[in-house]
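This report refers to the structure that appears directly beneath it.
FYI, the numbering just counts along the sequence from 1. This structure is a prediction, so every number in the text was calculated from the model and none was measured.
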Amino acid sequence: MLEGGKSIGAGAATIALAGAAVGVGNVLSSLIHSVARNPSLAKQSFGYAILGFALTEAIALFAPMMAFLISFVFRSHKKS
């Protein structure tokens, strides 16, 4: 019973990867829109976009980490 719950928890933790993908898409989309509106600020906007991309990807790395923790670190204690 506990193993099934661990599998469901690990699967639910990986759903955050879809949210991270949407976040990266939003960051890059905003960069394209801002450069199209004001090309003279392209260099500054690119720096902000890289920062947003890095923070979004950092959050995305926590999802597989939590899935691995749930799957392999948290053990069920079976009573004999």
Side-chain angles (χ1 to χ4, degrees):
M1 177 88 170
L2 187 61
E3 292 298 320
K6 282 173 53 175
S7 297
I8 291 172
T14 58
I15 292 175
L17 293 174
V22 170
V24 168
N26 283 337
V27 167
L28 295 179
S29 170
S30 296
L31 174 66
I32 291 169
H33 284 286
S34 66
V35 169
R37 285 181 175 263
N38 194 352
S40 64
L41 291 177
K43 189 171 184 177
Q44 183 179 6
S45 297
F46 183 73
Y48 290 143
I50 291 297
L51 179 63
F53 176 77
L55 293 175
T56 305
E57 283 296 314
I59 295 298
L61 291 175
F62 287 122
M65 181 186 71
M66 290 308 297
F68 284 128
L69 281 174
I70 291 170
S71 296
F72 300 116
V73 175
F74 300 130
R75 303 259 182 212
S76 59
H77 298 288
K78 296 182 180 178
K79 295 179 183 178
S80 297

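- With hydrophobic clusters built from ILVMFWY side chains whose heavy atoms lie under 4.5 angstrom apart, M66 does not share a cluster with F72.
- Listed by first then second residue, pairs satisfying side-chain hydrogen bond (donor to acceptor under 3.5 Å, both in side chains) with a partner in residues 17-40 read N38-S40, not counting sequence neighbours.
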Please tabulate, one pair per line, all N/O donor-acceptor pairs under 3.5 Å involving side-chain atoms of residues 7-19, not counting sequence neighbours.
from	atom 1	to	atom 2	distance (Å)
S7	OG	E3	O	3.2
T14	OG1	G11	O	2.7

Mind listing the side-chain donor-acceptor pairs of residues 44-58 below 3.5 Å, one per line with the distance, residues two or more places apart or on another chain?
from	atom 1	to	atom 2	distance (Å)
Q44	NE2	Y48	OH	3.2
S45	OG	L41	O	2.9
T56	OG1	G52	O	2.7

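- Following chains of ILVMFWY side-chain contacts shorter than 4.5 Å, one can reach I70 starting from V73, so the two form part of one hydrophobic cluster.
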